[in-house]
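Notes follow the structure.
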Amino acid sequence: MDLSAELLSILLVGVALAALILTGIGGIREDMREIREDMRERFSAMESRMSSMESRLAVVEREQGEIRGLLEGMHDAAAGRGTPAAPITRQAATDAPRP
């Protein structure tokens, strides 16, 4: 089988292009793997920060409920409306009506 120089050149260019494409795809896969790992780390850190913020917000809500109860008790006492309010429980602090 006798191949002409043009046909041989076309085949060699095709092989070279295939090698470049496969090398590029391998590089892209490696880059994507690194990106996925980075995103997992970032999401994990974000979840941790959100969890911390939720805990801190729960403390603030509880303390706000306690302060609201104390203020209502002071208001009732100043107005002469009977006994001071009962101590605020954790559930009552979060369910307290908004003014």
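Here the structure is a predicted model, which is why all the values come from computation and not from measurement. Heavy atoms only: backbone and side chains are in, while hydrogens, waters and symmetry mates are out.
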**Prompt:** Quick one: which of V15, L11, L17 gives a side-chain contact (heavy atoms from CB on, under 4.5 Å) with V13?
**Reply:** L17

**Item:** Pair E66 + R62: basic N to acidic O under 4.0 Å
**Value:** yes

**Message:** Closer than 4.0 angstrom, basic N to acidic O: yes or no for R40 and E37?
**Reply:** no

**Request:** Report the C-alpha distance between M32 and R36 in whole Å, list the side-chain angles of each, state the deciding distance to 0.1 Å, and finish with yes or no for side chain to side chain contact (heavy atoms under 4.5 Å, CB included).
**Result:** CA-CA 6 Å; M32 291 303 295; R36 279 193 300 269; 3.9 Å; yes

**Item:** Intermediate values then yes/no, side chain to side chain contact (heavy atoms under 4.5 Å, CB included), S51 and E47
**Value:** CA-CA 6 Å; S51 178; E47 288 173 353; over 6 Å; no

**Prompt:** So, does S52 use its side chain to make a donor-acceptor pair with the main chain of S48 at under 3.5 Å?
**Reply:** no

**Complete:** Rounded to the nearest 0.5 Å, the OG1 atom of T23 sits from the CD1 atom of I28 at a distance of 11.0 Å

**Asked** Hey, quick one: are M50 and F43 part of the same hydrophobic cluster, counting side-chain heavy atoms closer than 4.5 Å, chains of contacts allowed?
**Response** no

**Item:** Side-chain heavy atoms of E34 within contact of D38, under 4.5 Å
**Value:** no

**Asked** When rounded to the nearest 0.5 angstrom, what distance separates CD1 in I67 from CE in M74?
**Response** 11.5 Å

